[in-house]
Amino acid sequence: MPDQIIEIEKAINVLKKGGIILYPTDTVWGIGCDATNAEAIDKVFALKKREESKSMICLVSDFKMLQQYVEEVPEVAYDILKYASKPTTIIYDRPLRVAENIIASDNTLGIRVVRDPFCGKLIRKLKRPIVSTSANISTMPTPKNFEEIDAAILEGVDYVVNLPLQKKGVKPSSIIKIGGDSTVKIIRK
């Protein structure tokens, strides 16, 4: 655990200064920044060479934090997250208190409540959601492990968290959109 504590401190220092990090998430290696910092989010879009119209997701540490960043969390979301067998991102209507440039044009935002201990500690310590997007240049495949991450990504972030991603063969999260009438649509399994 001491390694995690040191890595969390280093990552927090970068995030608080508006920097971007490369870090192991509960799914794949991700590029992240403070989800409330528009300039940092712009850096992530630039590094990924990603169109700003293509939204990214953010991670929160728990349901309490989720409730602080969404106007209203539909009841069905709690059921989905409670019974999900793998990391699940839900697209919510009317996000709050995050940078405008992370919110999609239809006023939605994908948010995942993490189960990973490292991510949870990092987010709790920052006290704000963290952007999470796969560690690749847009249109390129998502790296399955650290060795597959493009050198441009490694050189373009302000800090690389020095922790292994424990699981092998990890995949991006499931993505589910919950409509205003509580209809559930699976975007990615």
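From a predicted model like this one, the values you see are computed outputs, not experimental measurements.
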Close side-chain approach of Phe118 and Lys121, heavy atoms under 4.5 Å: no
Quick one: are Ile123 and Leu126 in side-chain contact, heavy atoms under 4.5 Å? no
With a 4.5 Å limit on heavy-atom distance, are the side chains of Leu47 and Val157 in contact? yes
Before giving the answer on salt bridge (charged side-chain N to carboxylate O under 4.0 Å, His left out), spell out for Asp26 and Arg115 the whole-Å C-alpha distance, their side-chain angles and the decisive distance to 0.1 Å. CA-CA 7 Å; Asp26 51 346; Arg115 295 180 183 168; over 6 Å; no
Under 3.5 Å, is there a donor-acceptor pair between the side chain of Asp93 and the main chain of Thr108? no
What do the steps show when you test Leu122 against Ile21 for side-chain contact (heavy atoms from CB on, under 4.5 Å), and what is the final call? CA-CA 12 Å; Leu122 180 66; Ile21 62 170; 4.1 Å; yes
Would you sort out whether Glu71 and Tyr92 count as a side-chain contact (heavy atoms from CB on, under 4.5 Å), showing the intermediate values? CA-CA 9 Å; Glu71 191 173 294; Tyr92 296 94; over 6 Å; no
Under a 3.5 Å distance rule, please check whether Glu148 uses its side chain to pair with a backbone N or O of Lys144 as donor and acceptor. yes
Lys48 and Ser134: side-chain contact (heavy atoms from CB on, under 4.5 Å), yes or no, with the steps? CA-CA 9 Å; Lys48 285 187 64 87; Ser134 55; 3.5 Å; yes
Checking the side chain of Lys177 only, and the main-chain atoms of Thr183 only, is there a donor and an acceptor separated by less than 3.5 Å? no
Output the distance between atom NZ (Lys127) and atom CG (Asp34), rounded to the nearest 0.5 Å. 13.0 Å
Test item: Asn107 and Pro95 side chains (from C-beta on) under 4.5 Å apart, heavy atoms: yes
Taking the six-membered ring for Trp, are the ring centroids of Phe146 and Trp29 within less than 6.0 Å of each other? yes
Could you check whether any side-chain heavy atom of Val114 comes within less than 4.5 Å of a side-chain heavy atom of Val60, counting everything from C-beta outward? no
If you measure from CD1 on Ile111 to OG1 on Thr89, what distance do you get to the nearest 0.5 Å? 9.5 Å
Roughly how far, to the nearest 0.5 Å, is OG1 of Thr88 from CG of Leu81? 6.5 Å
Working to the nearest 0.5 Å, report the span between CG of Leu96 and CD1 of Ile103. 8.0 Å
Exam field: side chain Arg97 to backbone Gln68, donor-acceptor pair closer than 3.5 Å: yes
Distance from Leu66 atom CG to Asp62 atom CG, nearest 0.5 Å? 8.5 Å
I need the minimum non-hydrogen distance between Lys189 and Ser174, along with the two atoms involved. C-OG, 3.6 Å
So CD1 of Ile178 and CD of Glu72: to nearest 0.5 Å the spacing works out to 11.0 Å
One pair to check against side-chain contact (heavy atoms from CB on, under 4.5 Å): Cys58 and Tyr69. What are the steps and the verdict? CA-CA 10 Å; Cys58 65; Tyr69 291 93; over 6 Å; no
Using the side-chain contact (heavy atoms from CB on, under 4.5 Å) definition, which of the options Ile175, Ile176, Asp106 pairs with Ile91? Ile175
Is a side-chain donor-acceptor pair under 3.5 Å present for Thr133 with Arg50? yes
Within-4.5 Å side-chain heavy-atom neighbours: Thr27 and Arg112: yes
Going by heavy atoms in the side chains, are Arg188 and Ser173 under 4.5 Å from each other? yes
When Val28 is tested against each of Asn145, Asn136, Thr142, Ile149 for side-chain contact (heavy atoms from CB on, under 4.5 Å), which residue passes? Thr142
Main-chain N/O of Cys33 paired with Asn37 side-chain donor or acceptor, under 3.5 Å: no
